[in-house]
Amino acid sequence: MSVSVKFCGAAGSVTGACLLFETPKGRFLVDCGMFQGAKTLKALNYREFPFSPRQLDFMLLTHAHIDHSGLVPKLIGDGFAGPVFATRPTVDLCGCMLPDSGYIQEMEVATLNRRNAMRGRPEVEPIYTAADAENAMSAFRAVSYEKWIEPCSGVRARFWNAGHILGSSSIEIEIYDARAPLRILVSGDLGPDAKLLHDDPDAPERFDYVICEATYGDKERPRITIEGRRGKLADIAKRAHAAGGPLIIPAFAVERAQELIADLVTLMNEGAVPPAPIFLDSPLAIRATEVFVNHAAELTESLDFRALMRSPFLRMAESVDESKAIHRIKGFHVVVAASGMCDAGRIRHHLRHWLWNARATVLLVGYQAQGTLGRLLRDGATAVRILGEEIRVGARIETLDDYSAHADREETARWLAARGPVKRGVFFIHGEPPALQAMATRVERDGMAAELIVVPSLDDGFELQGARSQIIAGRTPRLLAEEVVRLDWHNDLSRLLLDIRDRLDAAADDRRRAVVLRRLRRALEEED
């Protein structure tokens, strides 16, 4: 019996999660996510899949985040006709998130096509539309935690709470022949120990292979508690209040936004933070919050989530006009808006409006991938380009990693140890190279043989039968490993334009500015 897995995404990076499994009786995916970050990476979303969607029998989906679910409508549009199995909360969240993703693509493509028309370039099409995404939802099938399903002959699967977001799962897979089944566990995204809304991750033990995320494989956080996290948030909010301007929080629309609002409302109720309006400025986050309210019984029992979401402090900005009206608010207020990496959504308009102003505070509370605006701000950029405009960074940039929805190195190592013994190997994915290597080193230190620890590259395939995995030779990756993680020429161009502006501003007079421009022109002519 031949069983193989191909890493079609989130290999050497944190986006585009997609695993292709091939067995004697079927072919299936675990996840089909959108690539995010640098434009070179995002360009993969427009290319053909590295497999035939028509030949797939079914798909298993770990959770609703776009980097795991975002290409499902494209998959169906390209010929996939099978079912997509996911937990009921994941199905409900995808019903919000995928149409929103299609709408964003339509808007971005419309803007790009206006620019292309002026430049004499051909029009482009969105990866899929909101209508495509709505139609794709008919393929989804809801499953329960901890109950086996048999999506095709010779394969069965069971979903376990991953503690990452509402409905998130680790997926246990058994592939049968005449002998004992091949047992595989796909971790999905694992939640940390301190989660406000969910119980700790869980899954069985004794696997042949574990495919494990390593987003924070190179980080070990101090011990985090809900009370300690709220205290840090309160300190930042009070500093923002003292500055006399807004607290602007880029947040993922699902889970992060709801956790932040729950904590902010709690702090204001307790008098730990000055009372102020909290604007949730994201149609997607508003719809996702409704899903959370509908599934409130599945959240941790210690939290009255419904009551917190009915707080008079909380105000929903659904329409564009309601979003624009926030800019007229004076003094301290809170804006929670998507996207969490600042690479799309209404947060970019709020940053363009406030980022230059020393009275504003920007709080980054999530992972910031290479090439995103959020990563530039986190890394200390003094100027950035937003919606085609150069903006000097005058606002205070704060970070608070305590809201991460991902386990750190030690939490991941403990989770993995509890799944043992793992007989044939562990694959580490969903991390940048330093995190992946650090996680591999940590597990080897725990006693796993180095030859059983694999860090695959994009489009690597492995045969899973035998004493350990064997790489399948002869496959050409869509991107080389170094292209997956490095900042591409689009990022280099943005940085160059900002550097040119800095040099021109620093020049003593127009004569010296002309010298700078002549040197640039000479360099371009020499290149020709």
Side-chain angles (χ1 to χ4, degrees), residues 1-10 16-35 44-45 47-95 97-99 101-102 127-145 147-160 167-177 181-182 184-186 188 211 459 461 464:
M1 179 179 75
S2 174
V3 177
S4 66
V5 62
K6 182 176 180 178
F7 294 86
C8 303
C18 184
L19 303 171
L20 170 65
F21 287 89
E22 298 189 61
T23 79
K25 296 185 178 180
R27 305 172 85 234
F28 64 94
L29 297 182
V30 175
D31 292 344
C32 190
M34 185 172 285
F35 290 93
L44 294 178
N45 297 321
R47 292 174 58 175
E48 291 184 355
F49 289 106
F51 49 79
S52 171
R54 296 180 184 276
Q55 294 179 4
L56 297 172
D57 297 291
F58 64 93
M59 175 181 157
L60 307 173
L61 179 59
T62 61
H63 66 287
H65 274 155
I66 290 298
D67 64 317
H68 291 255
S69 70
L71 289 185
V72 171
K74 173 181 166 69
L75 186 76
I76 292 171
D78 286 358
F80 171 63
V84 178
F85 295 99
T87 64
R88 168 52 63 188
T90 295
V91 174
D92 292 347
L93 287 171
C94 283
M97 298 181 73
L98 294 178
S101 174
I127 304 167
Y128 56 86
T129 66
D132 295 332
E134 289 168 358
N135 292 334
M137 292 308 302
S138 63
F140 281 70
R141 304 288 183 271
V143 301
S144 300
Y145 282 127
K147 291 186 178 180
W148 286 107
I149 61 170
E150 189 170 342
C152 78
S153 175
V155 178
R156 68 175 188 164
R158 188 162 53 165
F159 289 63
W160 296 83
S168 64
S169 304
S170 299
I171 303 179
E172 176 186 9
I173 302 168
E174 291 189 345
I175 300 172
Y176 287 86
D177 63 359
L182 184 70
I184 302 166
L185 180 64
V186 180
I211 300 174
D459 293 334
L464 299 181

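Bear in mind the structure is a predicted one, so any value in this text is a computation, not a measurement.
- Within the 4.5 Å cutoff, the side chain of L75 has heavy atoms near those of the F51 side chain.
- Contact annotation: the side chain of L29 never approaches that of F80 to less than 4.5 Å [non-hydrogen atoms, C-beta and beyond].
- Atom CE of M59 sits about 10.0 Å away from atom CG of L19, to the nearest 0.5 Å.
- Put simply, the side chain of S170 reaches to within 4.5 Å of the side chain of L185, judged on heavy atoms.
- Going from atom CG of D132 over to atom CE of M137 covers 13.5 Å, rounded to the nearest 0.5 Å.
- A donor-acceptor contact shorter than 3.5 Å is absent between the side chain of Y145 and the backbone of T87.
- Note on ring orientation: taking the six-membered ring where Trp is involved, the planes of H65 and H63 are perpendicular (angle over 60°, cut-offs 30° and 60°).
- Using modelled atom types and a 3.5 Å distance limit, the side chains of Y176 and R156 yield a donor-acceptor pair.
- Just one residue in the list L98, L44, L71 forms a side-chain contact (heavy atoms from CB on, under 4.5 Å) with M34, and that residue is L71.
- With a 4.5 Å cut-off on side-chain heavy atoms, F49 and C8 do not count as touching.
- Remark: L464 CG to T23 OG1 distance equals 11.0 Å, nearest 0.5 Å.
- Identified under the salt bridge (charged side-chain N to carboxylate O under 4.0 Å, His left out) test for residues 54-77, with sequence neighbours left out: K74-D78.
- A10 meets the side chain to side chain contact (heavy atoms under 4.5 Å, CB included) test with A17, H430; sequence neighbours excluded.
- Here D92 pairs with R88, H295 under the side chain to side chain donor-acceptor pair (under 3.5 Å) rule; sequence neighbours left out.
- Of all heavy-atom pairs between K6 and P50, the closest is NZ-O, 3.2 Å.
- Put simply, the side chain of F140 does not reach to within 4.5 Å of the side chain of T90, judged on heavy atoms.
- Take F21 and apply the ring-ring contact (aromatic ring centres under 6.0 Å, His included) test, not counting sequence neighbours, and it matches F28.
- Not a single side chain to side chain contact (heavy atoms under 4.5 Å, CB included) links N135 to another residue, sequence neighbours left out.
- R141 meets the salt bridge (Lys or Arg N to Asp or Glu O under 4.0 Å) test with no other residue; sequence neighbours excluded.
- Within the model, atoms NE2 of H68 and CD1 of I66 stand 10.5 Å from one another, a figure rounded to the nearest 0.5 Å.
- Formation of a donor-acceptor pair under 3.5 Å by the D31 side chain with backbone atoms of T62 is found in this model.
- D459 is linked by a side chain to side chain donor-acceptor pair (under 3.5 Å) to R478, counting only residues two or more places apart in sequence or in another chain.
- Qualifying side chain to side chain donor-acceptor pair (under 3.5 Å) partners for S69, counting only residues two or more places apart in sequence or in other chains: none.
- For E22, the salt bridge (Lys or Arg N to Asp or Glu O under 4.0 Å) criterion is met by R27, not counting sequence neighbours.
- Annotation: the span from F159 atom CZ to L60 atom CG amounts to 5.0 Å, rounded to 0.5 Å.
- Side-chain contact between V30 and I173 is present, with heavy atoms from C-beta onward closer than 4.5 Å.
- The side chain to side chain contact (heavy atoms under 4.5 Å, CB included) check on A136 picks up P73, I76, with sequence neighbours excluded.
- Judged as a ring-ring contact (aromatic ring centres under 6.0 Å, His included), and not counting sequence neighbours, the contacts of F7 are F427, F462.
- In this view, S4 satisfies the side chain to side chain donor-acceptor pair (under 3.5 Å) rule with no residue, not counting sequence neighbours.
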